[in-house]
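Report on the following structure.
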Amino acid sequence: MTEGVVLSVNDLSVNFGGLKALNGVNFELRKGEVLGLIGPNGAGKTTVFNALCGIVTPDSGSLSLNGKEIKWPKPYKLAKLKIARTLQGVGLFPDLTVYDNVMIGASKFAESGLMRAAFGTNHKDEKRLKERAQAALERVYVGAVADRRADTLAYPDTKRVSIARALVAEPEILLLDEPAGGLGPQDIEWLNSLINNLKSRTSIIIVEHHMDVVMSVCDRIYVLNFGEIIASGTPAEVRDNEAVIQAYLGTKSKAKS
Ligand SMILES: Nc1ncnc2c1ncn2[C@@H]1O[C@H](COP(=O)(O)OP(=O)(O)O)[C@@H](O)[C@H]1O
Ligand SMILES: [Mg+2]
């Protein structure tokens, strides 16, 4: 294992019928870094997250966490593995309150038994969970809307709540799928600073089409095209890579999803 690698994916392939969504994908995430995963619409970015989260089953490939090879996780194992994700779009339950939406992330945390380890208390201690959910909401500046139904929020606030739901489990690895999608410049600026603040305690993989976000928050970037990594490097290296320009940046208008 390379020193400081928290997550390593080797030779990951995923087929949907005859479609090779991912074909021999390799990448590694280092501790405390923000890793960008970019590429045109349909390149396979979300499928990488789905494989990591047990939503799709890989046809081949292996996964290591902190240098130890593990089985591809089932969704209910993620909290224990300290992995959390946000969904492309928003993915909140519209009829539930903001607070209950975040509690879904917190209850996973409780079920993992970590709650008991952290607080020396019964894992059904709902009060603690509530405090945790409230703190997560306040961290992304939406604490005041905790009691509102999710479907009454303005769109940028729903994106914040979806991040709170991921943060409430205190992940060591955070997967963000298009967090800037649909946001205006002010919210994007806020998102940039949030991601930079999270880095000290969380290693992050971000899938994002907004190149200004990618260029400002990422330490390294991998570029996917038709299910294969075609380039990797620093933001500047990737930006100047001819294959990337051809595959992605040159067709930016088509790349929006
Ligand atoms: N569950 C699925 N069943 C069938 N095809 C899928 C499924 N998920 C994704 N795909 C296909 O796999 C390819 C990669 O999709 P995706 O990972 O969502 O791309 P990206 O996130 O890069 O836009 C696309 O062609 C998409 O239509
Ligand atoms: Mg996607």
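Just so you know, these numbers come straight off a predicted model, no measurement behind them. In listed order, ligands and their atoms are each counted from 1.
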message: Looking at G32, is its backbone amide N or carbonyl O close enough to the side chain of S203 to form a donor-acceptor pair, meaning the two atoms are under 3.5 Å apart?
response: yes
- request: For ligand 1, find out whether one of its N or O atoms is nearer than 3.5 Å to an N or O atom of A21.
  value: no
field: Polar proximity ligand 1 side, A43 side, N/O cut 3.5 Å exclusive
entry: yes
query: Which atoms of ligand 1 sit under 4.0 Å from any heavy atom of N41?
result: 23 (O)
message: Could you check whether any side-chain N or O of K45 sits under 3.5 Å from a backbone N or O of D177, counting only pairs where one atom can act as donor and the other as acceptor?
response: no
task: Taking only heavy atoms of T47 into account, list the atoms of ligand 1 that are under 4.0 Å away from them.
output: 9 (C), 14 (C), 15 (O), 16 (P), 17 (O)
message: Determine whether a donor-acceptor pair (N or O, by modelled atom type, separation under 3.5 Å) exists between the side chain of N15 and the backbone of G17.
response: no
query: Does a side-chain N-to-carboxylate-O contact under 4.0 Å join K159 and D187?
result: no
query: Any heavy atom of G39 sitting closer than 4.0 Å to ligand 1?
result: no
task: Could you tell me which atoms of ligand 1, counted from 1 in the order shown, lie closer than 4.0 angstrom to a heavy atom of L19?
output: 11 (C), 12 (O), 13 (C), 25 (O)
field: The single option from D95, D100, N101 passing side chain to side chain contact (heavy atoms under 4.5 Å, CB included) against T97
entry: D100
message: Between ligand 1 and K45, is the shortest N or O to N or O distance under 3.5 Å?
response: yes
message: Regarding R220 and E33, does a basic nitrogen lie under 4.0 Å from an acidic carboxylate oxygen?
response: yes
query: Of all the atoms in T46, is at least one N, O or S atom closer to the Mg ion (ligand 2) than 2.8 Å?
result: yes
- prompt: Does any N/O atom on G42 come nearer than 3.5 Å to any N/O atom on ligand 1?
  reply: yes
Heteroatom N/O/S of Q88 within less than 2.8 Å of the Mg ion (ligand 2): yes
message: Testing I230, I229, L37 one by one against V223 for a side chain to side chain contact (heavy atoms under 4.5 Å, CB included), which residue passes?
response: I230
